[in-house]
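Report on the following structure.
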Amino acid sequence: MEAPPGKAPAKKTPAKKTAAKKTAAKKTAAKKVAAKTTAAEVVAEKAAAKKAPAGTAPAKKAIAKKTAAKAAKTTAARKTAAKKVAAKKVTAQKAAAADPLAVAVSPALAAGDRERLLAGTHHDPHSVLGAHPVPGGVAVRAFRPYALSVTVVAGDVRTELDDDGDGFFSGLLPLPDVPEYRLLVEYEGTVQDTEDAYRFLPTLGEFDLHLIGEGRHEELWKALGAHPMTHEGVTGTRFSVWAPNARGVRVAGSFNFFDGTGFPMRSLGSTGVWELFVPGVGEGELYKFEITRPDGSRTLRADPLARRTEAPPNTSSVVCASDHAWGDAEWMARRSERPVHEAPFSVYEVHLPSWRPGLSYRQLAEQLPAYVKELGFTHVELMPIAEHPFGGSWGYQVTGFYAPTARLGTPDDFKYLVDALHQAGIGVLMDWVPAHFPRDDWALAEFDGRPLYEHQDPLRAAHPDWGTLEFDYGRREVRNFLVANAVYWCEEFHIDGLRVDAVASMLYLDYSREPGQWTPNEHGGRENLDAVAFLQEMNATVYRRCPGVVTIAEESTAWDGVTRATHHRGPSGFGGLGFGLKWNMGWMHDSLEYMAHDPIHRAYHHNEMTFSMVYAYSENYVLPISHDEVVHGKRSLVSKMPGDWWQQRANLRAYLGFMWAHPGKQLLFMGQEFAQGAEWSEAHGPDWWLLDPEYGAEADHRGVRDLVRDLNTVYRGTPALWERDTEPSGFSWVVGDAADDNVLAFLRHDGEGSPLLAVSNFSPVVRHDYRLGVPDDVPAWHEVLNTDAAAYGGSDVRNPGPVKPEPTPWHGRAASLRLTLPPLATLWLRPA
């Protein structure tokens with residue numbers, strides 16, 4: 001107010017100044033404790049009572065009366081806002097008078113901490129948020145953007161915190177120790193009663209962090225990711241993620257409207273791991289990690305160790321807990337009784353989303369095991385399993401390495417399918433893809449703002465064929481991520497084998513690269529030494545932890561020792577990679593090339609069917625007719641065969657008979673078991689209508705399917721076909737050079753020497769009295785399988801009854817058989 005005209009403004013005397021300062025101090029003190037309620041006043045009264053002479057009953061009674069009066073006063077004050085404010089002012093003055101230290105420290109956050117929390121760059125939010133002892137009591141700070149008010153509830157104490165702006169709230173509890181407390185957070189139209197995430201100790205122990213830092217945490221999925229749990233008596237979810245380059249990490253999810261501002265995570269030492277336990281968050285909640293990059297920008301990322309995801313095209317991770325009760329104990333107990341390479345092993349490869357389009361995991365569990373069991377396959381190989389954004393990639397560009405694809409159901413639904421297959425006596429293999437990952441900006445690519453999972457060198461990081469990124473196998477944490485992932489599928493989902501995709505692209509630094517686009521290794525070679533070490537570690541770890549599991553390499557070169565033990569060095573100086581089996585890509589290409597020729601030209605390509613035996617025992621092989629061979633213009637298996645429809649089917653049957661008898665395990669892609677004529681497409685899957693009895697050519701297709709069933713049945717019951725698969729003594733040629741006849745004949749032997757004779761006639765003519773040399777210690781032979789049988793759609797040229805050898809030396813043997821060879825057919829004969 002200005003002074004009246006003609007008068008100078010009144011000057012304040014020193015006494016008035018002092019009084020003004022005291023009044024201001026009282027107002028400040030009153031404001032600082034204005035949010036305190038009756039419970040805080042009771043504490044102040046008790047502090048004042050301690051100053052009275054001890055043992056005076058009147059003093060105690062007076063305190064009791066004052067306490068009761070103040071409690072009544074507070075109850076009345078709640079009825080009107082004006083009375084409540086007045087009561088808080090009186091209380092503040094009394095509290096200040098009773099204990100001057102109670103208001104000696106401001107509980108509000110320092111400016112630097114506020115700025116870092118707002119910017120998402122605070123490494124240790126727990127050190128400033130939550131409740132902390134300070135001179136004069138306990139400071140409580142909360143960071144709740146958009147909240148109207150925050151009240152602390154600690155037993156009978158209810159204290160409304162001061163609103164410090166920008167979502168920060170603080171207050172001072174005049175208590176000697178940090179109490180257990182909850183927060184009442186008022187938003188527009190609602191009040192949340194919740195635990196404070198910043199009052200909890202870390203949920204990860206030093207041992208976990210040590211193993212992560214060493215790259216040796218074999219159960220990494222139990223430490224990182226999102227885990228519903230009870231921590232310090234409170235239920236919630238622990239979130240943890242490895243992001244060593246991040247300036248800050250926050251959790252954003254459906255529980256906070258995907259605004260992670262108020263949910264900063266803490267950095268746990270030098271490991272690069274960030275962690276936050278969020279009370280009240282449980283299974284089914286969506287989440288991502290909001291990462292502040294080194295340049296200050298932010299990115300929202302799916303959890304690399306998410307065990308469940310949203311169904312594409314949505315990309316959030318999902319908090320997951322498993323309730324599945326396994327029923328496959330018998331299977332798991334006996335699967336390691338016999339080494340895989342000494343056991344029957346025929347695989348039906350299945351693209352799950354298109355096998356019967358529209359079926360979920362649980363619906364597949366009602367149909368797939370029965371179908372596979374009827375056909376006699378020992379295993380299924382499933383693709384795709386790990387989550388991937390683009391269905392057309394068939395699961396080979398993975399973004400969720402720890403999550404079964406949500407397209408067909410939940411992780412427990414997938415476990416249900418595996419369980420059903422096991423209970424039907426069928427092993428489960430899965431395609432596993434550690435060679436590369438896509439560049440999606442919500443997934444692994446430059447995850448925390450810098451190359452992390454991919455190699456630092458852009459030339460090493462970029463996969464030249466698929467537009468993807470290659471893993472940095474030299475980084476221990478990345479290697480740990482992949483090794484633990486292999487163990488995860490085997491232990492958590494009872495997977496019996498991992499078919500490892502694109503191994504060749506991992507092994508060679510110059511894979512699909514021109515000179516100048518790659519750098520030699522430290523020895524000047526082209527081998528990727530980091531990838532070699534990774535594959536060796538992965539195989540050694542899986543075989544040590546998971547008895548009965550097999551790893552299978554899809555490796556298309558002549559790398560030495562793919563299936564050799566890791567501690568056995570070969571001629572190249574490398575230890576073996578340690579795989580159990582390897583796809584025989586050479587056999588597949590050569591044999592399909594031969595079969596594609598018209599029989600009149602096959603004589604000139606005969607070596608394409610025999611060359612595989614030159615190297616058959618260099619590795620433990622699988623003979624693969626996979627999805628790659630029946631898609632993208634390569635035509636279905638039956639359509640590769642020459643001739644008319646009858647000849648195509650006859651060629652196919654003869655080829656399958658040869659394949660099942662050849663040393664090595666077998667793999668056949670879905671649809672080829674019933675001679676589907678169309679190429680496979682993930683959009684519609686196999687043409688099941690071909691097996692409809694109303695279809696005119698149904699018998700033709702069913703005949704091929706019946707042959708596959710019988711091949712598997714005889715195969716499983718004939719140890720000569722699998723017991724010595726990896727031993728040269730388990731095989732011997734009878735005739736391998738009858739090129740002009742298009743005939744191949746060989747013997748297989750089991751562990752006791754009992755033989756099976758396989759004869760293939762790849763010409764379209766019947767060959768009567770065809771003489772073949774055989775062991776002279778077998779008195780008679782009989783057909784156990786003939787691919788030309790009428791039941792399979794053939795011409796039914798047979799060798800009825802036992803066929804006795806003659807003492808006529810032939811093919812270097814003392815005895816020989818005279819057989820009738822059906823056209824375009826394979827025969828199997830066993831001792832009668």
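Heavy-atom basis, side chains included; hydrogens, waters and symmetry copies ignored.
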Less than 4.0 Å between a side-chain N and a carboxylate O, is that true for Arg705 and Glu374? yes
Tell me whether Arg335 is salt-bridged to Glu330, with the criterion being a basic N under 4.0 Å from an acidic carboxylate O. no
Quiz item: Taking the side chain from Asp419 and the backbone from Gly327, do they hold a donor-acceptor pair closer than 3.5 Å?
Solution: yes
**Message:** So does Gly376 get a backbone contact from the side chain of Arg716, meaning a donor-acceptor N/O pair under 3.5 Å?
**Reply:** yes
Around atom NZ of Lys804, are there more than 12 heavy atoms from other residues, nucleotides or ligands closer than 6.0 Å? no
Do the side chain of Glu629 and the main chain of Lys634 share a donor and acceptor less than 3.5 angstrom apart? no
- Do we see a donor-acceptor contact under 3.5 Å between the side chains of His749 and Ser732? yes
Self-check item: NZ/NE/NH1/NH2 to OD/OE distance under 4.0 Å, Arg724 and Asp750
Solution: no
Tyr617 and Glu727 side chains, donor-acceptor separation under 3.5 Å: no
| said: When you compare the side chain of Trp587 with that of Tyr615, does any pair of heavy atoms fall below 4.5 Å? | reply: yes
NZ/NE/NH1/NH2 to OD/OE distance under 4.0 Å, Arg635 and Glu679 = no
Quick one: sort the His662 and Phe658 rings into parallel, tilted or perpendicular, breaks at 30° and 60°. perpendicular
*Counting only heavy atoms not in Phe611, do more than 12 fall under 6.0 Å of its CZ?*
no
Taken to the nearest 0.5 Å, the spacing of Leu498 CG from Phe579 CZ works out to 9.5 Å
Aromatic plane relationship, Phe674 with His701 - under 30° parallel, 30 to 60° tilted, over 60° perpendicular: perpendicular
When the ring centroid of Tyr371 is compared with that of Trp688, is the distance short of 6.0 Å?
yes
_Between His627 and Glu349, is there a side-chain donor-acceptor contact under 3.5 Å, judged purely by atom types and distance?_
yes
_Is it the case that the side chain of Arg767 and the backbone of Leu821 share a donor-acceptor pair, with hydrogens and angles ignored and the cut-off at 3.5 Å?_
no
task: Give a yes or no on whether Tyr416 atom OH has more than 12 heavy-atom contacts from other residues, nucleotides or ligands under 6.0 Å away.
output: no
Within 45 degrees of the axis of the six-membered ring of Trp432 and under 6.0 Å from its centre: does Arg499 put its NZ or CZ there?
no
Checklist entry - Thinking salt bridges, do Arg798 and Asp796 make one under a 4.0 Å N-O criterion? => result yes
*Step by step, would you call Asp776 with Arg813 a salt bridge (charged side-chain N to carboxylate O under 4.0 Å, His left out)?*
CA-CA 8 Å; Asp776 59 359; Arg813 300 179 187 275; over 6 Å; no
Could you tell me if Thr557 and Glu555 have a donor-acceptor pair between their side chains, going purely by distance under 3.5 Å? yes
Ignoring hydrogens and geometry beyond distance, is a side-chain donor-acceptor pair present between Glu783 and Asn799 at under 3.5 Å?
yes
Greater than 12 external heavy atoms within 6.0 Å of Trp810's CH2:
no
Notebook entry, point to check: So, Glu698 and Arg702, do they make that salt bridge, N to O below 4.0 Å?
Noted result: yes
**OP:** Look at the aromatic rings of His422 and His494 and report parallel, tilted or perpendicular, splitting at 30° and 60°.
**Re:** parallel
Task: Parallel, tilted or perpendicular, as decided by the 30° and 60° cut-offs, for the rings of His597 and His605 - done: parallel
Donor + acceptor pair across side chains of Ser354, Trp680 (<3.5 Å): yes
So does Gln367 have more than 12 non-hydrogen atoms from other groups sitting under 6.0 Å from CD? yes
